[in-house]
Amino acid sequence: KKKIAIAIDGPAAAGKSTVAKIVAYELSYIYIDTGAMYRALTLKATNQSLALEDETSLAKLLQDTKIELKQSNEGQRVLLDGEDVTLEIRSQIVTNNVSYVAKHKAIREEMVARQQSLANYRGVVMDGRDIGTHVLPDAEVKIFLIASVEERAKRRYEENVQKGFPSDLEELKKEIEQRDLIDSKREVAPLLKAEDAIEIDTTSLTIDQVAQKILEAVYDVI
Ligand code: C5P
């Protein structure tokens with residue numbers, strides 16, 4: 001069977017990483033979470049109290065920053081300059097600031113270059129916002145996942161409750177809407193469905209149903 005590249009894009013909290021991991025596991029492909037890379041840089045920038053609108057300083061910071069995505073028994077780990085930041089990059093402060101870091105052209109150019117070299121061979125599932133449009137424009141399968149903002153906030157809320165994190169449904173809804181707005185309106189590589197992407201509305205689907213739909217699209221081409 002031939003190995004391909006699968007691009008999964010969509011708005012915040014649409015379930016991209018959850019289904020991407022299942023699809024990668026089923027196919028024995030590697031999974032690359034590009035959002036984690038922007039989150040790691042945002043964590044470092046906020047720890048250093050860098051002004052997030054300062055593109056030049058952020059770009060310089062990124063030059064001196066090593067971000068690794070490591071597969072381990074406990075799932076994917078994210079290393080920032082060798083330090084495990086898997087949990088920290090999901091914090092509220094990173095989530096609320098990441099879109100301001102990700103909108104800069106210089107940051108995106110460097111991140112896209114790094115992502116392309118990570119996916120330099122086939123047998124890869126990559127998720128993000130601009131994978132089908134910019135990072136892997138020649139991906140054999142492109143998926144655009146959507147769901148209503150109510151459903152996405154509800155899923156995130158239930159996830160937080162399960163993890164024992166305090167959470168407010170209305171607050172989550174606002175955060176998700178705000179992040180989508182910035183990601184969709186930015187000048188460089190905004191969140192956009194690629195022309196040749198398959199759109200899947202996951203609002204009333206289970207995780208497994210979504211994964212199955214993606215796998216069907218994959219089996220059509222491999
Ligand atoms: O996927 P996740 O929600 O972790 O992504 C965090 C943020 O990183 C997004 O809201 C977006 O601002 C940015 N991002 C991006 N391009 C990608 C992946 C993520 O701009 N390919």
Side-chain angles (χ1 to χ4, degrees), residues 5-14 16-17 20 30-70 76-120 124-139 142-145 175-194 197:
I6 303 166
I8 304 181
D9 291 299
K16 297 183 297 292
S17 70
I30 62 161
Y31 163 58
I32 300 170
D33 175 358
T34 63
M37 299 171 70
Y38 290 98
R39 285 172 179 272
L41 177 65
T42 304
L43 176 67
K44 188 168 177 178
T46 51
N47 281 346
Q48 300 191 2
S49 308
L50 226 78
L52 301 187
E53 59 277 2
D54 185 348
E55 178 166 6
T56 311
S57 299
L58 281 173
K60 205 178 270 165
L61 184 71
L62 180 56
Q63 289 308 328
D64 296 325
T65 300
K66 196 168 158 193
I67 301 167
E68 295 161 280
L69 306 175
K70 281 242 162 81
Q76 191 161 100
R77 312 300 300 177
V78 181
L79 303 188
L80 173 62
D81 298 322
E83 192 194 329
D84 192 323
V85 293
T86 311
L87 292 180
E88 284 105 306
I89 61 166
R90 305 290 155 195
S91 72
Q92 197 83 320
I93 172 148
V94 171
T95 301
N96 290 342
N97 283 307
V98 60
S99 293
Y100 297 101
V101 171
K103 64 192 267 193
H104 298 300
K105 183 163 185 273
I107 300 302
R108 302 205 67 82
E109 280 175 356
E110 172 64 18
M111 288 294 196
V112 169
R114 292 189 190 190
Q115 289 154 8
Q116 286 172 338
S117 73
L118 285 175
N120 209 0
V124 62
V125 183
M126 194 178 262
D127 80 347
R129 301 293 184 290
D130 61 339
I131 311 306
T133 52
H134 288 88
V135 182
L136 303 174
D138 56 354
K142 297 181 185 177
I143 304 292
F144 197 76
L145 288 189
E175 279 163 22
I176 289 172
E177 277 172 332
Q178 176 66 7
R179 199 141 62 92
D180 285 351
L181 187 72
I182 305 170
D183 291 343
S184 308
K185 297 277 177 252
R186 71 177 172 229
E187 263 167 58
V188 192
L191 168 65
L192 200 68
K193 175 179 169 291

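Note that the coordinates shown come from a computational prediction; the quantities given were computed from them, not determined experimentally. Numbers here are sequence positions counted from 1.
Closest approach of A13 to I176, counting heavy atoms only: CB-CD1, 3.9 Å. Closest heavy-atom contact between R39 and V94: O-CG1, 3.7 Å. For L191 against S184, the heavy-atom pair with the smallest separation is CD2-OG, 3.8 Å. Residue L136 comes nearest to A5 through the heavy atom pair CD1-CB, 4.3 Å, listed as atom of the first residue, atom of the second, then distance. In terms of heavy-atom proximity, A102 sits nearest to Y38 at CB-CD2, 3.6 Å. Nearest heavy-atom pair across A45 and L58 is CB-CD2, 3.7 Å.
With respect to L80, the side chain to side chain contact (heavy atoms under 4.5 Å, CB included) criterion is satisfied by exactly one of N47, V85, I89: V85.
No more than 12 heavy atoms of other residues, nucleotides or ligands lie within 6.0 Å of CD in E187, so this atom counts as exposed by the packing criterion. Applying the 6.0 Å contact sphere to CD of E177 captures more than 12 heavy atoms from other residues, nucleotides or ligands. More than 12 heavy atoms of other residues, nucleotides or ligands lie within 6.0 Å of CG in L181, so this atom counts as buried by the packing criterion.
Between the CG atom in D81 and the CD atom in E68 there is a gap of 9.0 Å [rounded to 0.5 Å]. Rounding to the nearest 0.5 angstrom, the gap separating the CE atom in M126 from the CD1 atom in I30 is 7.5 Å. The distance from atom CD of Q48 to atom CG of L43, rounded to the nearest 0.5 Å, is 10.0 Å. Rounding to the nearest 0.5 angstrom, the gap separating the NZ atom in K44 from the CD atom in E88 is 14.0 Å. For the atom pair CD1 (I32) and CG (L118), the distance works out to 5.0 Å, reported to the nearest 0.5 Å.
Of the possible donor and acceptor atoms, one in the side chain of D9 sits under 3.5 Å from a partner among the backbone N and O of D130. Using a distance-only test at 3.5 Å, with no hydrogens or angles considered, no donor-acceptor pair links the side chain of R108 to the main chain of M111. Proximity of a side-chain donor or acceptor of K16 to a complementary backbone N or O of P11 within less than 3.5 Å is detected. Using a distance-only test at 3.5 Å, with no hydrogens or angles considered, no donor-acceptor pair links the side chain of D84 to the main chain of L79. Proximity of a side-chain donor or acceptor of K142 to a complementary backbone N or O of G132 within less than 3.5 Å is detected. For Q76 (side chain) and L69 (main-chain N/O), no donor-acceptor pair under 3.5 Å exists by modelled atom type. No donor-acceptor pair closer than 3.5 Å links the side chain of T133 to the backbone N or O of A194.
Here the side chains of D127 and Y31 are in contact, with some heavy-atom distance below 4.5 Å. Residues L41 and M37 fail the side-chain proximity criterion, which asks for heavy atoms closer than 4.5 Å.
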Please test I8 against I131 for side chain to side chain contact (heavy atoms under 4.5 Å, CB included), starting from the C-alpha separation and ending with a verdict. CA-CA 7 Å; I8 304 181; I131 311 306; over 6 Å; no

Checking L62 against R114 for the side chain to side chain contact (heavy atoms under 4.5 Å, CB included) test, could you report, in this order, the C-alpha distance in whole Å, the side-chain angles of both residues, the deciding distance, and whether it holds? CA-CA 11 Å; L62 180 56; R114 292 189 190 190; 3.8 Å; yes

For the pair V188 and H104, evaluate side chain to side chain contact (heavy atoms under 4.5 Å, CB included) and give the outcome as yes or no after the intermediate values. CA-CA 7 Å; V188 192; H104 298 300; over 6 Å; no

Is there a side chain to side chain contact (heavy atoms under 4.5 Å, CB included) between D54 and T56? Walk through the geometry before answering. CA-CA 6 Å; D54 185 348; T56 311; 3.9 Å; yes

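D183 and S99 share a side-chain donor-acceptor pair at under 3.5 Å.
K105 has a carboxylate O that lies under 4.0 Å from a charged side-chain N of E109, or vice versa, which qualifies the two as a salt bridge.
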